[in-house]
Q: 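Sharing a structure, written as structure tokens. Questions coming.
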Amino acid sequence: MKIKSTLHGLTPYQPGKPMEEVKRELGLDEVVKLASNENPYGASDSVQAAIQEAVSSIAIYPDGGAAKLRQKVAELHNIDEQQIIFGNGSDEVILILCRALLSAGDSIVTATPTFPQYKHNAVIEGANVIEVPLVNGTHDLDAMYDAIDETTKIVFVCNPNNPSGTYVNEEAFMSFLKRVPKDVLVVSDEAYEEYVTAEDYPDTIPLIKNYDNLMVLRTFSKAYGIASLRVGYGVANASFIQGIEPGREPFNTNSIAQAAALAALDDQDFIADCKVKNKEELELFEAFCEDNGFPYYPSQTNFLLFSVNKPGGEVFDYLLRKGFIVRNGEALGFPSYVRVTLGTKEQNERIRSLLTDWLL
Ligand SMILES: *Cc1c(COP(=O)(O)O)cnc(C)c1O
């Protein structure tokens, strides 16, 4: 068999180490995974009941159009139902976009380091990837604008950025969006939007009515707490959505996931509570870094990228032996850093005291 040459040299996505594997290898009873930015408080209680109910009809294909969820998301954002495309995670919306817009010879512009799926999917479609270095951990939108040429089809703005946690403010985003040629799609990937507290974070969805070339991505995997069920969505103008829809599999979001997402959206108190707790934990962690002179990137997310001035791999190994799976910055483009998903208060305190015992 001959596999498309665009797949040569690509490696499958490297997820955080699985918990069961770590327990077995290290003989640990309890392992905490703070590696993939899931919600440490899980999901709203109402989600469990919604899943139980949906389980009774698993023999039936899901509603491919996700009508109920579509209506709820449209209400939430005050948009038309036709402006939404659902994916098996927002990862799949990225895949659909690349599939629909990119051919050999086309290009995309991204930041680096950033979320790896933009590049990965673009490479599979045979497109070139122009990577523009972050400046102080933040997207350099002027340089990204300069990198646009006649081959550019998509510019991905990960806001806030994974893995640095930093954000692009409204002024920077607007001045960029106004200049980008109208035939280049600007994707604002807002996987952590629910956690953002910065007042000058851009409110992008209302901009879509004036910008046909803007798509906003959201997910149920982070604050909404249902990462394993795989639901995310993109919002853009209706005729663009209609154009890319044939690139979506007919039943890409399953009925359990749709029901869970619907219930999760209904409980905005849960999201608000998680946001408050996350902010408190973030401030404690950032203060810990300040107090100890550990460099870090100010975060608008539920994770923190920081350095204890040792290779990320050493910190990763140390915390792993203590039962915490974090992300080694070496694999994320920040060799002397680790990226830690904020856990519960107890988990975060434990990590800080483990680091203190080890280093100080
Ligand atoms: C986690 C994450 C996603 C993927 O989310 P899914 O909806 O689970 O596919 C997309 N973008 C960024 C920046 C992320 O961190």
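Order of listing sets the numbers, starting from 1, for every ligand and every atom in it. All heavy atoms count here, side chains included; hydrogens, waters and symmetry mates do not. Only a predicted model underlies this, so the values are computations on that prediction, with no experimental measurement involved.
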Q: What protein heavy atom sits nearest atom 11 (N) of ligand 1, and how far off is it?
A: D189 OD2, 2.7 Å
Q: Taking F334 as the starting point, is it possible to reach V338 by hopping between hydrophobic residues whose side chains are less than 4.5 Å apart?
A: no
Q: Tell me: protein heavy atom nearest atom 5 (O) of ligand 1, and distance?
A: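 Going by distance alone, atom 5 (O) of ligand 1 is nearest to S90 OG, 3.3 Å.
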Q: In the protein, what heavy atom is nearest to atom 1 (C) of ligand 1, and what distance, to one decimal place, separates them?
A: K222 NZ, 1.3 Å
Q: Does Y192 come within less than 4.0 angstrom of ligand 1, counting non-hydrogen atoms of the residue?
A: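 Heavy atoms of Y192 do come under 4.0 Å of ligand 1.
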Q: Taking only heavy atoms of T219 into account, list the atoms of ligand 1 that are under 4.0 Å away from them.
A: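 Taking each heavy atom of T219 in turn, ligand 1 has 5 (O), 6 (P), 7 (O), 8 (O) under 4.0 Å.
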Q: Taking NZ, NE, NH1 and NH2 as the nitrogens, is one of them in E38 or K33 under 4.0 Å from a carboxylate oxygen of the other?
A: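 Looking at K33 together with E38, the answer is yes, because their closest N to O distance falls below 4.0 Å.
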Q: Hey, does N37 come in under 3.5 Å of ligand 1, counting only N/O atoms on both sides?
A: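 N/O-N/O distance below 3.5 Å does not exist for this pair.
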Q: Can you name the atoms of ligand 1, numbered from 1 with element, that are less than 4.0 Å from a heavy atom of N162?
A: 13 (C), 14 (C), 15 (O)
Q: For atom 3 (C) of ligand 1, state which one of F220, Y118, F115 supplies the nearest heavy atom.
A: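 Nearest heavy atom to atom 3 (C) of ligand 1 lies in F115.
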Q: Do E193 and Y201 meet the criterion of a side-chain donor-acceptor pair at a distance under 3.5 Å?
A: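 No, no side-chain donor-acceptor pair sits under 3.5 Å.
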Q: Short list, please: which atoms of ligand 1 are under 4.0 Å from a heavy atom of C158?
A: 13 (C)
Q: Side chain of N348, backbone of E281: donor and acceptor closer than 3.5 Å?
A: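 Not confirmed, N348 side chain does not pair with E281 backbone.
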Q: May I have all residue pairs that pass side chain to side chain donor-acceptor pair (under 3.5 Å) and include part of residues 222-240, sequence neighbours excluded?
A: H77-Y233, Y192-K222, S221-R230, Y224-Q268, N237-S239
Q: Are Y118 and V155 in one and the same hydrophobic cluster, where Ile, Leu, Val, Met, Phe, Trp and Tyr link if side-chain heavy atoms are under 4.5 Å apart?
A: no
Q: Got a list of side-chain donor-acceptor pairs under 3.5 Å for residues 123-135, not counting sequence neighbours?
A:
residue	atom	partner	partner atom	Å
E131	OE1	K119	NZ	3.1

Q: Within 45° of the ring axis of F285 and under 6.0 Å from its six-membered ring centre, is that where the NZ or CZ of R352 lies?
A: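 Verdict for F285: a cation-pi partner in R352.
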Q: Number the atoms of ligand 1 from 1 as they appear, then name those within less than 4.0 Å of a heavy atom of R230, with their elements.
A: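 The atoms of ligand 1 under 4.0 Å from a heavy atom of R230 are 6 (P), 8 (O), 9 (O).
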Q: If you count the atoms of ligand 1 from 1 in the order shown, which ones are under 4.0 Å from a heavy atom of S221?
A: 6 (P), 7 (O), 8 (O)
